[in-house]
Structure formats: structure tokens, C-alpha cells
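All values derive from a computational prediction rather than experimental measurement. In what follows, chains are A, B, ... by sequence order, proteins preceding strands, each numbered from 1.
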Amino acid sequence: MRLATWNVNSIRARVDRIVDFAVREHIDVLAMQEIKCKTEQFPFEKFEAAGFEVEAYGFSQWNGVAIASRKPIENVRTAFPDMPGFAKGHEGPDAPQEARALGATIDGVEVWSLYVPNGRALGDPHYDYKLHWLKALEQYTRQTLAASPDLPLALVGDFNIAPTDADNGDPTVVQGFATHVSPPEREAFAAIEAAGVHDVVRPLVPTGFTYWDYKQLRFPRNEGMRIDFVLGSSALADAVTGAEIHRNERKGEAPSDHVPVVVDLDFASDEDDDDRPMIF
DNA sequence: ATGACTTGGTAACCAAGA
């Protein structure tokens, strides 16, 4: 299975570019974030014409997640347990959930397309929401893997956290003043990893960004951030045979501000057949 | 110079992104 994740920043604004990528790169499963449309507005036909079926989930111009797959998408969920909600003027435990998570089982792999809340600013209600959202994801991860230790689980998407200083090349994102690099966010990311999922891309692609702001020539200056990840359980990580960050997708006509991250998985290979990198 | 992009929705700006 060739699995990719991409914050597309509006599916309707660049659907041809995204389908072209999926076809050209022989992607089997493409998790998308920030589709920026309602479910019924998703351009399903363009994906279907290319051999994909699609599950999409969105209900406003904000957020929205989707999964396109060449194989059947089963057991679809639009939230993980205790996922908190958020709405302007409607904070607290009763706030409605947003379209930020889409889980499914595809060919035996549990895949979640995740769009972690941005946080907006330190001290903003959205920042607390982000931390609560990450805590609920951590708890779901721990409980799921406690019940099914051998489950191939992939948490993929835009985590809106640069886990290390090397993952932040944007000079305006300064610790103490900005989200994405604050210690509580980094601790929340580490806690999810401690719950049993690992960044399966970094061992194979140790450097490189996945996002560059549209403003201030951030891409030509390569002042980006690594905030899009594929976190895999042990069973998933053991199947990884390759990983790529497709930096070229930030170039050309009307790019997203994020680029796709791709992982190759081979569940059939014999454990003793050691012709692939041992990363864990 | 407290911003310099891009998107979608709405009604000519505005919220949101990170």
C-alpha cells in the first residue's frame, strides 16, 4: 500500500492537480485535510474517474477531511471518542465538533485523516481547544493499541506542531510568542508518540519541511515548517519500506501551502527478509 | 508599517490559516 497525506487547502481550488499527483505517484490511499467544502460539494467524480472511491466529511468553508482509496473504505468514523468541539461563542464541553477527523479501515489498516486545530495564538481559546483535542487523540491511541497491540494504525495529517527546533524554519515563529512550537504542544505530540505511534517518515527523510507560508517568499527562502506527519503503530511501522516528502508540489500554478507526505507499506514481506531498512 | 498571500462566503470586506 502506498499511503499519502496532504493538506490540500481547498479541494475545489486544485482538484486536477491533486488527482494528477495521486495517479502519477501511484497512490493507493490519499488522506486529505482542509478540503474547505461541504461533503456534497466535494468533486467526487474527478477521483472516481481516476479509479478512487472517496469518503469526505465537511460542513462549512472551514476545515474538512477526506480519504480517497483504490480499495474499499470501511468502518468510517467522523470523530474519535471524546474529541472536543469548538465554535465561536460556544465554548466548553457542549461545543459542536468540527470536521477534523475521518477514520476508516482500508485493507486491514486503520487510517485516520487528521486536521489538528491550529491554536491561533498562545492563550487563545483555540489554543486550549488544540491541547484538549490532542489529549483525546492520545487517549484514543493508547486505548486502541492496548486492546489491539498488533493493529496497523496510521494517524496521518496536519498536526500543526513542529516537534523539534529543526522542524521550524520560519523566522516569525518564535518560541514563547507563537503556536506550533510551544512546549505544551510539543509535549502533547510526544505524548501521542508515547501512546504507541511513531513518526515513520523521519527515519527515512530526516530533514525537510512540509509547509511554507504563502507570504514573504517563505518557499523560495525555504523558511517552512515540518508539521505534516504519518504516525504509525508498531505493526504499521514494521511494514514501512519507503517514505517521501514531495517538495515539488509547492511549486507551479496555484499550489497548496502544504506538500504531500508519502509512505510505502509492505505487509506481505517476511520478517526475516531483511532487505529493507530497520527503523524501529 | 501593527501587513504585504490565499481561500470561501458574503456583499465589498472579513475570518481563518500557522
| task | Measure the distance from CG on A:Asp213 to C1' on B:dA16 and round it to the nearest whole Å. | result | 12 Å
| message | By the 4.0 Å heavy-atom rule, please label A:Tyr115 as base, sugar-phosphate, or nothing. | response | sugar-phosphate
| Separation of A:Lys130 atom NZ from B:dG17 atom C1', in whole Å? | 11 Å
| Side chains of A:Asn160 and A:Lys130: do they bring a donor and an acceptor to under 3.5 Å? | no
| query | Can you tell me how far C1' in B:dA4 sits from the matching atom in B:dG9, rounded to whole Å? | reply | 23 Å
| query | DNA chain B: A:Gly119 or A:Leu217, which has the more 5' nearest nucleotide? | reply | A:Leu217
| task | Take the protein atom OH of A:Tyr214 and the nucleotide atom P of B:dG17, then report the distance between them rounded to whole Å. | result | 14 Å
| note | When rounded to whole Å, the NZ to P distance for the pair A:Lys36 and B:dT6 reads 12 Å
| Spacing of the P atoms in B:dA12 and B:dG17 (rounded, Å) | 23 Å
| Side-chain N or O of A:Lys215 less than 4.0 angstrom from OP1 or OP2 on B:dA4? | yes
| request: To the nearest Å, give me how far apart CD (A:Glu34) and C1' (B:dG8) are. | output: 11 Å
| In whole Å, what separates the P atom of B:dT6 from that of B:dA11? | 25 Å
| query | Looking at A:Phe209, does the NZ or CZ of A:Arg226 lie under 6.0 angstrom from its six-membered ring centre and within 45 degrees of the ring axis? | reply | no
| field | Audit row: A:Glu53, A:Lys71, salt bridge (charged side-chain N to carboxylate O under 4.0 Å, His left out) steps and yes/no | value | CA-CA 8 Å; A:Glu53 67 173 74; A:Lys71 292 199 170 169; over 6 Å; no
| request: Any chance you could lay out the salt bridge (charged side-chain N to carboxylate O under 4.0 Å, His left out) test for A:Arg70 and A:Glu48, step after step, and finish with the verdict? | output: CA-CA 9 Å; A:Arg70 295 188 183 280; A:Glu48 288 162 1; over 6 Å; no
| request: Could you tell me whether A:Asp170 contacts a base, only the sugar-phosphate backbone, or nothing, with contacts defined as non-hydrogen atoms closer than 4.0 Å? | output: nothing
| message | Classify A:Ser10 by what it touches in the nucleic acid, base, sugar-phosphate, or nothing, heavy-atom distance under 4.0 Å. | response | sugar-phosphate
| P spacing across the pair B:dA15 / B:dT10, given as an integer number of angstrom | 14 Å
| message | Taking 4.0 Å as the cut-off, does a side-chain nitrogen or oxygen of A:Arg120 come that near to OP1 or OP2 on B:dA15? | response | no
| request: Measure from the side-chain heavy atoms of A:Gln216 and tell me the nearest of B:dT7, B:dC5, B:dG17. | output: B:dC5
| request: Could you measure between the two P atoms, the one in B:dC13 and the one in B:dT2, and give it in whole Å? | output: 23 Å
| request: Report the residue from A:Thr241, A:Asp28, A:Asp264 that forms a side-chain hydrogen bond (donor to acceptor under 3.5 Å, both in side chains) with A:Arg2. | output: A:Asp264
| request: Indicate, with a heavy-atom threshold strictly under 4.0 Å, whether A:Asn7 touches base, sugar-phosphate, or nothing. | output: sugar-phosphate
| request: Check whether any side-chain nitrogen or oxygen of A:Arg100 sits under 4.0 Å from OP1 or OP2 of B:dG17, and answer yes or no. | output: yes
| Which whole-number value in Å describes the distance from A:Phe219 CZ to B:dT6 C1'? | 16 Å
| message | Just the rounded figure in Å: distance from P of B:dG17 to CG of A:Asp228. | response | 15 Å
| said: What I'd like to find out is whether the side chain of A:Glu34 reaches to under 4.5 Å of the side chain of A:Asn63, using heavy atoms alone. | reply: no
| said: Could you tell me how far apart A:Trp212 (CH2) and B:dT6 (P) are, to the nearest whole angstrom? | reply: 16 Å
| task | Establish, with yes or no, whether the OP1 or OP2 oxygen of B:dG9 is under 4.0 angstrom from a side-chain nitrogen or oxygen of A:Arg12. | result | yes
